[in-house]
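Let me begin by presenting the structure, written as structure tokens, before commenting on it.
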Amino acid sequence: MAPARGGHALSRWKGVPVLVTGAQGFVGSWLAERLLDEGAKVVTLLRDVEPESRFSREGLVDRCVQVRADLVDYDALVRTLNEHAVRAVFHLAAQTIVGTANRSPFSTFETNIRGTYTLLEACRGIGVVSRPIERIVVASSDKAYGRHELLPYREDFPLQALYPYDVSKAATDMIARSYAATYAMPVAVTRLANVYGGGDPNDSRVIPDTARALLDGRQPVIRSDGSPERDYLYVEDAVDAYLAIAESLDDSANWGRAWNAGTGTPVSVREIVARLIAVSGKDLEPDIQGEGTPHGEIDRQFLDSSAIKERLGWAPRWDLDRGLAATWDWYSGAGSRPAR
């Protein structure tokens, strides 16, 4: 078996029909690309078409099967799973912006919570009438843990989210694991650190916002006092984690598990901005406009990833400076690839 990037065997995914929800988004596009490169038939749900997204710009849209189906439409999901004989599901579709969730919790809950249980129920229904789905990986988040005095977060910590986005991911997490426990379904949950890399369209996140400011010759704006700390995970390491967790579902002992994946090293907003400025070579200073931690945010978060390292053999391959350099290359045009 020829090894693929990240150490996964090509034969694992070659010819396998895989549904990736949220493939048009940031992390979803990188995951879809890896699966396509490893020979999978990638099925995605078509909702909004963003011509400037990485999914469109790099030709992934033309390599995937696009299905017109809404995540909260049970019948459409059943039809999609059945007609394309889907064998694996990666559920990444979500409203992922904390500020948007604070402004509009209803739409966030509809997508993140209702969308999750509708998809899982469709997967369960397919398993009753035909061949069961072989593996289902659901994206939760480190935000699901909420605020804890003791850090880093471990998988056995309680989920004590308070704010709308965090609550939506905690609910997603528990709903997914309930399907494994109740219906013996091969479901696992990812709790990833803050993922960064090329193609993130959300300027409310510090890294794409800083990159675009630098490209425009503007001072990057920091909307806190710069002290909040996060665990930053490069997107290709995130994809490696998704695939490792999917493969772990060969063993039913892993059904219903949640897995942390991060670097375990918290970095302040001020430091991440300074390091990206250094990578860019720009002679600019950040404009610190905030005080303390913005409302609805947690001041310090990072993950203990010892379980996934010891049991699944996953570990980050990208250190922060190398990941930031690749990210800057993408935004500055040096690293983006032409459409295929």
Side-chain angles (χ1 to χ4, degrees), residues 1-50 53-71 73-94 115-116 118-139 185-188 190 199 235-236 238-250 337-340:
M1 294 183 292
R5 286 178 296 172
H8 300 282
L10 287 172
S11 60
R12 160 65 71 177
W13 298 103
K14 187 173 179 61
V16 176
V18 181
L19 173 64
V20 181
T21 73
Q24 295 88 345
F26 165 44
V27 180
S29 73
W30 286 87
L31 176 60
E33 181 179 39
R34 179 77 67 81
L35 289 165
L36 288 164
D37 288 348
E38 296 196 6
K41 171 188 174 183
V42 176
V43 180
T44 68
L45 305 181
L46 181 61
R47 185 184 170 189
D48 300 329
V49 178
E50 175 51 67
S53 70
R54 182 177 181 273
F55 189 73
S56 297
R57 285 178 57 182
E58 302 198 3
L60 301 175
V61 63
D62 298 320
R63 301 172 63 195
C64 295
V65 177
Q66 298 283 320
V67 177
R68 292 191 178 276
D70 195 298
L71 187 60
D73 185 336
Y74 172 81
D75 291 335
L77 292 178
V78 170
R79 184 173 64 252
T80 299
L81 295 169
N82 185 48
E83 290 183 356
H84 296 282
V86 168
R87 289 165 50 194
V89 173
F90 291 89
H91 176 41
L92 282 71
T116 296
T118 304
L119 176 62
L120 288 167
E121 189 65 8
C123 290
R124 185 173 79 93
I126 284 289
V128 170
V129 300
S130 62
R131 181 178 182 176
I133 306 295
E134 296 171 5
R135 57 198 80 245
I136 305 166
V137 181
V138 175
M185 288 172 59
V187 181
T190 65
V235 65
E236 292 204 49
V239 170
D240 287 347
Y242 272 105
L243 297 184
I245 291 166
E247 293 181 14
S248 79
L249 293 169
D250 287 339
R337 284 169 286 179
R340 304 186 191 196

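With hydrogens and angles ignored, the 3.5 Å screen pairs a side-chain donor or acceptor of Thr21 with a backbone N or O of Leu92. At distances below 3.5 Å, at least one donor-acceptor pair connects side-chain atoms of Ser29 with backbone N or O atoms of Phe26.
With salt bridges taken as basic N to acidic carboxylate O contacts below 4.0 Å, one links Arg63 and Asp37. A salt bridge between Arg12 and Asp250 is present, with a side-chain N of the basic residue lying under 4.0 Å from a carboxylate O of the acidic one.
A distance of 12.0 Å separates CG of Leu119 from CG of Asp73, quoted to the nearest 0.5 Å. To the nearest 0.5 Å, atoms CG (Leu60) and CH2 (Trp30) are separated by 9.5 Å. Expressed to the nearest 0.5 Å, how far CD1 of Ile136 lies from CE of Met185 amounts to 4.0 Å.
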Verdict with reasoning, Ser53 to Gln24, per side chain to side chain donor-acceptor pair (under 3.5 Å): CA-CA 7 Å; Ser53 70; Gln24 295 88 345; over 6 Å; no
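Partners of Phe90 by ring-ring contact (aromatic ring centres under 6.0 Å, His included), not counting sequence neighbours, listed by chain and number: Trp13. With sequence neighbours excluded, the residues that form a salt bridge (Lys or Arg N to Asp or Glu O under 4.0 Å) with Glu121 are Arg124.
Residues Val89 and Cys123 are in side-chain contact: their nearest non-hydrogen atoms beyond the backbone lie under 4.5 Å apart. Residues Leu243 and Glu38 meet the side-chain proximity criterion, which asks for heavy atoms closer than 4.5 Å. Residues His91 and Leu71 have side chains in contact (heavy-atom distance under 4.5 Å, counting atoms from C-beta outward).
No option in Val16, Ile245, Val18, Leu249 other than Leu249 meets the side-chain contact (heavy atoms from CB on, under 4.5 Å) test with Arg135.
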